Trainee: 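Please find one structure pasted underneath; my questions will follow.
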Amino acid sequence: MPAPMRYQFIIEGELSERALAAFPELAASTRSARATTTLYGPVADSTAMRGILARIDSLGLTLLEMARLPD
């Protein structure tokens, strides 16, 4: 089984603790200057990726950028 790939998801706005709790598998950092929250961490496979994207959508969050991080 291949190792999970690491991704970052840049979300518009500073997420509440409740919204952050929806992503327990990801770490978070905020940038007040840009008013964004970056979620990052390993994503095991395409099913896990779809799950993360579905949670972003169901919470009504705006995904500004998604990128694979270097290994």
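Note that this is a predicted model, so its numbers are computed, not measured.
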Trainee: Find out whether L39 and I52 are in side-chain contact, i.e. whether some heavy atom of one side chain is under 4.5 Å from a heavy atom of the other.
Mentor: no
Trainee: So which atom in A22 and which in L59 form the shortest heavy-atom distance, rounded to 0.1 Å?
Mentor: CB-CD1, 3.7 Å
Trainee: Could you list all the side-chain hydrogen bond (donor to acceptor under 3.5 Å, both in side chains) pairs where at least one residue sits in residues 4-24, not counting sequence neighbours?
Mentor: E14-S32
Trainee: Enumerate the residue pairs fulfilling salt bridge (Lys or Arg N to Asp or Glu O under 4.0 Å) with a member in residues 48-60, sequence neighbours excluded, ordered by first and then second residue.
Mentor: E25-R55
Trainee: Partners of L53 by side chain to side chain contact (heavy atoms under 4.5 Å, CB included), sequence neighbours excluded?
Mentor: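 Side chain to side chain contact (heavy atoms under 4.5 Å, CB included) check on L53 returns F9, M49, I56, L63, M66.
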Trainee: Rounded to the nearest 0.5 Å, how far apart are CG of L61 and CD1 of I11?
Mentor: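 Going from CG on L61 over to CD1 on I11, the span is 5.5 Å.
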Trainee: Taking only residues two or more places apart in sequence, or in another chain, which ones meet E65 in a salt bridge (Lys or Arg N to Asp or Glu O under 4.0 Å)?
Mentor: none
Trainee: For residues A28 and L20, report the shortest heavy-atom separation together with the two atoms involved.
Mentor: CB-CD2, 3.7 Å
Trainee: Please report the shortest heavy-atom distance between A44 and P4, naming the atom on each side.
Mentor: CA-CB, 3.8 Å
Trainee: Can you confirm whether T38 sits close enough to S29 that some side-chain heavy atom of one is under 4.5 Å from a side-chain heavy atom of the other?
Mentor: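 The answer is yes; the side chains approach within 4.5 Å.
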Trainee: How is the hydrophobic cluster of L69 composed, in terms of its other members, when Ile, Leu, Val, Met, Phe, Trp and Tyr link through side-chain heavy atoms under 4.5 Å apart, directly or indirectly?
Mentor: Y40
Trainee: I'd like to know if the side chain of T37 and the backbone of T30 have a donor-acceptor N/O pair within less than 3.5 Å.
Mentor: no
Trainee: For I10, what are the other residues in its hydrophobic cluster, where any two members join if their side-chain heavy atoms are less than 4.5 angstrom apart?
Mentor: L64
